[in-house]
Amino acid sequence: MRLVVAWLVVLVGCSDSTSPESSAVRFEEVAAEAGLTYVQSPPIAFDGSCEGMDPGICIGRILTGGATVGDADGDGLPDLFVTELDGPDHLYRNRGDGTFEDVTDAAGLGGRTRSNGAAFGDIDDDGDLDLVVLTLGDIRHRLYVNAGEGTFAEEALARGASVSRPELPLVGMSACFGDVDRDGWIDLHVNEWRPAAPNDAPDGTRLLRNRGESAPGHFEDVTESAGVSMEPFAPSFPGRVMAFTSSFTDFDEDGWPDLTIVADFEQTRLFWNRGDGTFESGNETLGAGVPSDENGMGIAVADFDRDGRLDWFVSSLSAASECDGCGWHDSGNRLYLATANRAFEEVTDAWGVREGGWGWGTFPFDYDHDGDPDLVMTNGYRIQDDRGAAFLNDPMRAWRNDGDRMSEISSRLGLTDTGQGRALVAFDYDGDGDQDLFIARHQDTPLLYRRDGVGGHYLRVRVEGRGAREGGTNRRGLGARVELVAESGDVPQKQQIGGCGFLGHSESVAHFGVGDSARVAAVRVIFPVTGQTVELTDVPTDQELVVTEP
């Protein structure tokens, strides 16, 4: 493996030397002030009865609210795309002054599309971000190809990404981009939550491989040939797939991204990438009680225990006392810590993160910049009967990482929403060097929580691959591993460039907190396609590095 040292430094903000222990970090809700005022869907009265209706569409409607972050117009600022179920979606252009401008119509994204989950990704390796939008109640998904400067044309059918199913409307949930075959062209995984369907109806949870050089940005369905079909693994609902969220993560660090699919009713699965275009199921050998989530919904991947291995958290359903006996599987969230090669330990109770209400979007973020990944989760469920009453005003959760367990501190941070949260994405929308939070709320206006206050130093690392056409990693650096060593001899902080979550996608940047360190000993970036490593030493903090593939 060749060692190359190269970097471009871009200053994006500065903090003082106050340690996180002696400073106050708060989140201020500023969505309306920032110009984010859309309503995700009109009120839907639902008592849990779906008599005479398609149950996937009937129940699926109350599971909606998507969002994704990306620089749609190439001006260097993170823009925000959000979905509406019964109205036009919205592309909000970041003005760079803390506010957003709705440019949906000018971008060619107007119109009603029954949208839900969404993700940005450069599917054709031309340097700009394209957009996939999954639908709920339509017979196909949407794929918008960026023509440059943030204007889009819908081409899902022509490019093989529609997952068309005329005989049964789709119940689309989350979408995730990643380079599963390491050819530099990003592939796509889409999820469907389908509680009932005719036996011969094809499952809508699919792996779509980018055809690459032969047809850039066009896809072929390789779900069965790759071995990642979910249908054989549905113990509670044989033949029915109820997938919510997927993530491409190289858990075993063999250089190949593995596929995690978080799903309802004990269907969560982890597939190990063999490196030959196929995957093998890992559920039988991951460890005792892994995965054990009963109603998995969202996923957050981070090295929570700082041992150099990536772990994963699954948001799920934990019933309040007044809901005992509701009939759901309601044993709560799960935290799985990596212990060895391809093995994990379930430590949910020891770490204090089981109770979260009815969980959805979740994200690992170091809010206090002390070097340990903390955790945030949004939640709520809207059903007007005795079972759902406990979740109508479910408070969101945030946990501080204390090293070997977590403490719930949402109220202290000002993260106090009790609405119907769904997608949760993190990005530095105001360019001050910390992570802000956006929450898409079902049947409501959104929330934008701006992080304020001083809390330690940070370092942001943005990875740029040289692209498939140049024989390199995808241009956004998806799948690249980033390691930060604060002091020589320390166990590295470790992140993988990604960002997939429930119904949305966060900013594709590695964001590290480094406490009171004004400089760090080393930063390493490992590019997945070429295997090249870029290493920087004695790096000043409180800046953003753009690390390009040699």
A.B. asks: For Asp128, what residues pass the salt bridge (Lys or Arg N to Asp or Glu O under 4.0 Å) criterion, not counting sequence neighbours?
C.D. replies: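 Partners of Asp128 under the salt bridge (Lys or Arg N to Asp or Glu O under 4.0 Å) test: none.
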
A.B. asks: Show the nearest heavy-atom pair for residues Ala67 and Ala423, with the distance to one decimal.
C.D. replies: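 Shortest heavy-atom separation between Ala67 and Ala423 comes out as N-CB, 3.9 Å.
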
A.B. asks: Between Asn94 (side chain) and Leu77 (backbone), is there a donor-acceptor pair under 3.5 Å?
C.D. replies: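 Pair absent, no side-chain N/O of Asn94 close to backbone of Leu77.
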
A.B. asks: List the steps and the verdict of salt bridge (charged side-chain N to carboxylate O under 4.0 Å, His left out) for Arg524 and Glu535.
C.D. replies: CA-CA 4 Å; Arg524 301 187 193 97; Glu535 181 166 348; 3.5 Å; yes

A.B. asks: Would you sort out whether Asp366 and Tyr458 count as a side-chain contact (heavy atoms from CB on, under 4.5 Å), showing the intermediate values?
C.D. replies: CA-CA 9 Å; Asp366 188 357; Tyr458 69 90; over 6 Å; no

A.B. asks: With no hydrogens and no angle check, is any side-chain donor or acceptor of Asp179 less than 3.5 Å from a backbone partner on Ile186?
C.D. replies: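 Not at all, since once roles are kept as given, no pair shorter than 3.5 Å links the two residues.
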
A.B. asks: Ignoring hydrogens, what is the shortest heavy-atom contact between Thr416 and Tyr449? Give both atom names and the distance.
C.D. replies: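 Residues Thr416 and Tyr449, closest heavy atoms: N-OH, 3.6 Å.
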
A.B. asks: Under the side-chain hydrogen bond (donor to acceptor under 3.5 Å, both in side chains) test, which residues partner Glu253, sequence neighbours left out?
C.D. replies: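 Partners of Glu253 by the side-chain hydrogen bond (donor to acceptor under 3.5 Å, both in side chains) criterion, ordered by chain and then number, come out as Lys494.
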
A.B. asks: Could you work out, with side chain to side chain contact (heavy atoms under 4.5 Å, CB included) as the rule, every residue matching Pro446, not counting sequence neighbours?
C.D. replies: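 Result, side chain to side chain contact (heavy atoms under 4.5 Å, CB included) vs Pro446: Leu36, Tyr38, Phe438.
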
A.B. asks: Can you list the residues that meet the side chain to side chain contact (heavy atoms under 4.5 Å, CB included) rule with Ala521, with sequence neighbours excluded?
C.D. replies: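 Residues passing side chain to side chain contact (heavy atoms under 4.5 Å, CB included) with Ala521: Val485.
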
A.B. asks: Verify the distance criterion only: is there a donor paired with an acceptor across the side chains of Arg334 and Ser292 at less than 3.5 Å?
C.D. replies: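 There is such a pair (donor and acceptor under 3.5 Å, judged by atom type) between the side chains of Arg334 and Ser292.
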
A.B. asks: Checking Arg182 now: which residues fulfil salt bridge (Lys or Arg N to Asp or Glu O under 4.0 Å) with it, not counting sequence neighbours?
C.D. replies: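 By the salt bridge (Lys or Arg N to Asp or Glu O under 4.0 Å) rule, Arg182 matches no residue at all.
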
A.B. asks: When you measure from the side chain of Thr268 to the backbone N and O of Ala263, does any donor-acceptor pair fall under 3.5 Å?
C.D. replies: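 Yes; judged by distance alone, with no hydrogens or angles, the pair exists.
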
A.B. asks: Between Trp193 and Asp264, is there a side-chain donor-acceptor contact under 3.5 Å, judged purely by atom types and distance?
C.D. replies: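 Distance-only check passes for Asp264 and Trp193.
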
A.B. asks: Considering only heavy atoms from C-beta outward, does the side chain of Asp79 approach that of Asp73 to under 4.5 Å?
C.D. replies: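 Counting from C-beta outward, Asp79 and Asp73 do come under 4.5 Å.
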
A.B. asks: I'd like to know if the side chain of Arg354 and the backbone of Ser331 have a donor-acceptor N/O pair within less than 3.5 Å.
C.D. replies: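 Yes, because the side chain of Arg354 sits within donor-acceptor range (under 3.5 Å) of the backbone of Ser331.
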
A.B. asks: Just jot down the side-chain hydrogen bond (donor to acceptor under 3.5 Å, both in side chains) partners of Glu507, sequence neighbours excluded, or say none.
C.D. replies: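 Counting only residues at least two positions away or on another chain, Glu507 forms a side-chain hydrogen bond (donor to acceptor under 3.5 Å, both in side chains) with Arg460, Arg462.
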
A.B. asks: Before giving the answer on salt bridge (charged side-chain N to carboxylate O under 4.0 Å, His left out), spell out for Arg441 and Asp417 the whole-Å C-alpha distance, their side-chain angles and the decisive distance to 0.1 Å.
C.D. replies: CA-CA 10 Å; Arg441 293 195 297 177; Asp417 180 45; 2.8 Å; yes

A.B. asks: Main chain of Ala426, side chain of Ser506: is a donor-acceptor contact present, judged purely on distance under 3.5 Å?
C.D. replies: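 Yes; at least one donor-acceptor contact below 3.5 Å.
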
A.B. asks: Run Arg519 and Asp538 through salt bridge (charged side-chain N to carboxylate O under 4.0 Å, His left out) and show every step you take.
C.D. replies: CA-CA 6 Å; Arg519 309 182 77 87; Asp538 191 27; 2.8 Å; yes

A.B. asks: Would you check if the side chain of Arg274 reaches a backbone N or O of Thr278 as a donor-acceptor pair within less than 3.5 Å?
C.D. replies: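 Not confirmed, Arg274 side chain does not pair with Thr278 backbone.
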
A.B. asks: Which residues satisfy the ring-ring contact (aromatic ring centres under 6.0 Å, His included) test with Phe363, sequence neighbours excluded?
C.D. replies: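 Checked Phe363 against ring-ring contact (aromatic ring centres under 6.0 Å, His included); zero matches.
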
A.B. asks: What are the two closest heavy atoms between Thr83 and Ala118, and how far apart are they?
C.D. replies: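 It is CG2-CB, 4.2 Å.
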
A.B. asks: Would Arg209 and Asp181 count as a salt bridge (charged side-chain N to carboxylate O under 4.0 Å, His left out) if you check the C-alpha gap in whole Å, the side-chain angles of each, and the deciding distance to 0.1 Å?
C.D. replies: CA-CA 8 Å; Arg209 178 185 173 275; Asp181 50 6; 2.9 Å; yes

A.B. asks: Return yes if some donor-acceptor pair links the side-chain N/O of Asn333 with the main-chain N/O of Val353 below 3.5 Å, else return no.
C.D. replies: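 Indeed, once roles are kept as given, a pair shorter than 3.5 Å links the two residues.
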
A.B. asks: Can you sort out the partners of Ala398 under side chain to side chain contact (heavy atoms under 4.5 Å, CB included), two or more places apart, ordered by chain and number?
C.D. replies: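 If we apply the side chain to side chain contact (heavy atoms under 4.5 Å, CB included) test to Ala398, skipping adjacent residues, the hits are Val376, Ser410, Leu413, Leu415.
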
A.B. asks: Side chains of Asp402 and Ser407: donor-acceptor distance under 3.5 Å anywhere?
C.D. replies: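 The criterion, which ignores hydrogens and geometry beyond distance, is satisfied for Ser407 and Asp402.
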
A.B. asks: Sequence neighbours left out, what passes salt bridge (Lys or Arg N to Asp or Glu O under 4.0 Å) with Asp490? Give chain and number order.
C.D. replies: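 So Asp490 forms no salt bridge (Lys or Arg N to Asp or Glu O under 4.0 Å) with any residue.
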
A.B. asks: I want to check something: taking the side chain as every heavy atom from C-beta on, are Ile261 and Phe271 in contact at a cut-off of under 4.5 Å?
C.D. replies: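 Sidechains of Phe271 and Ile261: in contact.
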
A.B. asks: Just wondering, do Val461 and Val523 contact through their side chains at under 4.5 Å, heavy atoms?
C.D. replies: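 With C-beta onward as the side chain, the pair touches.
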
A.B. asks: Report yes if the side chains of Tyr429 and Val69 come closer than 4.5 Å at any heavy-atom pair, otherwise no.
C.D. replies: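 No, too far: nothing below the 4.5 Å cut-off.
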
A.B. asks: Of all the heavy-atom pairs spanning Gly433 and His369, show the shortest one and how long it is.
C.D. replies: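 Shortest heavy-atom contact: O-CE1, 3.8 Å.
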
A.B. asks: Can you see which heavy atom on Ile123 is nearest to which on Asn210, and at what distance?
C.D. replies: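 Nearest pair, atom of Ile123 first, then Asn210: O-ND2, 2.9 Å.
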
A.B. asks: Determine yes or no for a side-chain-to-main-chain donor-acceptor pair under 3.5 angstrom, with Gln496 supplying the side chain and Phe248 the backbone.
C.D. replies: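 Answer holds: yes.
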
A.B. asks: Just verifying a value: how many Å separate Leu134 CG and Asn116 CG, rounded to the nearest 0.5 Å?
C.D. replies: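 Rounded to the nearest 0.5 Å, the CG-CG separation comes to 7.5 Å.
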
A.B. asks: Quick check: closest heavy atoms across Thr223 and Leu207, and the distance to 0.1 Å?
C.D. replies: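 Result for this residue pair: OG1-N, 2.9 Å.
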
A.B. asks: Between Leu129 and Arg476, is there a side-chain heavy-atom distance shorter than 4.5 Å?
C.D. replies: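 A side-chain contact under 4.5 Å exists here.
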
A.B. asks: For residues 473-502, which residue pairs pass the ring-ring contact (aromatic ring centres under 6.0 Å, His included) check, not counting sequence neighbours?
C.D. replies: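 Every ring-ring contact (aromatic ring centres under 6.0 Å, His included) pair that includes a residue of residues 473-502, provided the two are not neighbours, is Phe244-Phe502, Trp360-Phe502.
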
A.B. asks: Got a sec, which residues hit ring-ring contact (aromatic ring centres under 6.0 Å, His included) with Tyr336, two or more places apart in sequence or on another chain?
C.D. replies: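 Tyr336 satisfies ring-ring contact (aromatic ring centres under 6.0 Å, His included) with Trp312 once adjacent residues are dropped.
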
A.B. asks: Using only atom types and a distance under 3.5 Å, with no angle test, would you say the side chain of Ser174 pairs donor to acceptor with the backbone of Leu503?
C.D. replies: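 Yes, the answer is positive, given that a donor and an acceptor are paired below the 3.5 Å cut-off.
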
A.B. asks: Would you please test Glu192 and Thr205 for side chain to side chain donor-acceptor pair (under 3.5 Å) and show each step?
C.D. replies: CA-CA 5 Å; Glu192 181 181 39; Thr205 299; 5.6 Å; no

A.B. asks: Taking side chain as C-beta onward, heavy atoms only, is Val82 less than 4.5 Å from Tyr92?
C.D. replies: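 Yes, close enough: below the 4.5 Å cut-off.
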
A.B. asks: Do Thr530 and Glu549 meet the criterion of a side-chain donor-acceptor pair at a distance under 3.5 Å?
C.D. replies: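 The criterion, which ignores hydrogens and geometry beyond distance, is satisfied for Glu549 and Thr530.
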
A.B. asks: Please check this pair: side chain of Gln495 against backbone of His511, looking for a donor-acceptor N/O pair closer than 3.5 Å.
C.D. replies: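 Between the backbone of His511 and the side chain of Gln495 there is a qualifying donor-acceptor contact (under 3.5 Å).
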
A.B. asks: For Thr548 and Glu464, which I'm curious about, is there any donor-acceptor pair between the side chains at under 3.5 Å?
C.D. replies: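 No, because no side-chain N or O of Thr548 sits under 3.5 Å from a partner of the opposite role on Glu464.
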
A.B. asks: Any luck finding a side-chain donor-acceptor pair between Glu346 and Thr348 under 3.5 Å?
C.D. replies: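 Yes, because at least one side-chain N or O of Glu346 sits under 3.5 Å from a partner of the opposite role on Thr348.
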
A.B. asks: Looking only at side chains, do Asn191 and Ser246 share a donor and an acceptor under 3.5 Å apart?
C.D. replies: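 Result is yes, a qualifying pair exists.
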
A.B. asks: Which residues pass the side chain to side chain contact (heavy atoms under 4.5 Å, CB included) test with Trp272, not counting sequence neighbours?
C.D. replies: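 With sequence neighbours excluded, Trp272 shows a side chain to side chain contact (heavy atoms under 4.5 Å, CB included) to Phe251, Asp252, Asp258, Leu270, Glu280, Leu286, Arg342, Phe344, given in chain and number order.
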
A.B. asks: About how many Å separate CG of Leu375 and CZ of Arg397, when rounded to the nearest 0.5 Å?
C.D. replies: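 The distance works out to 12.0 Å.
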
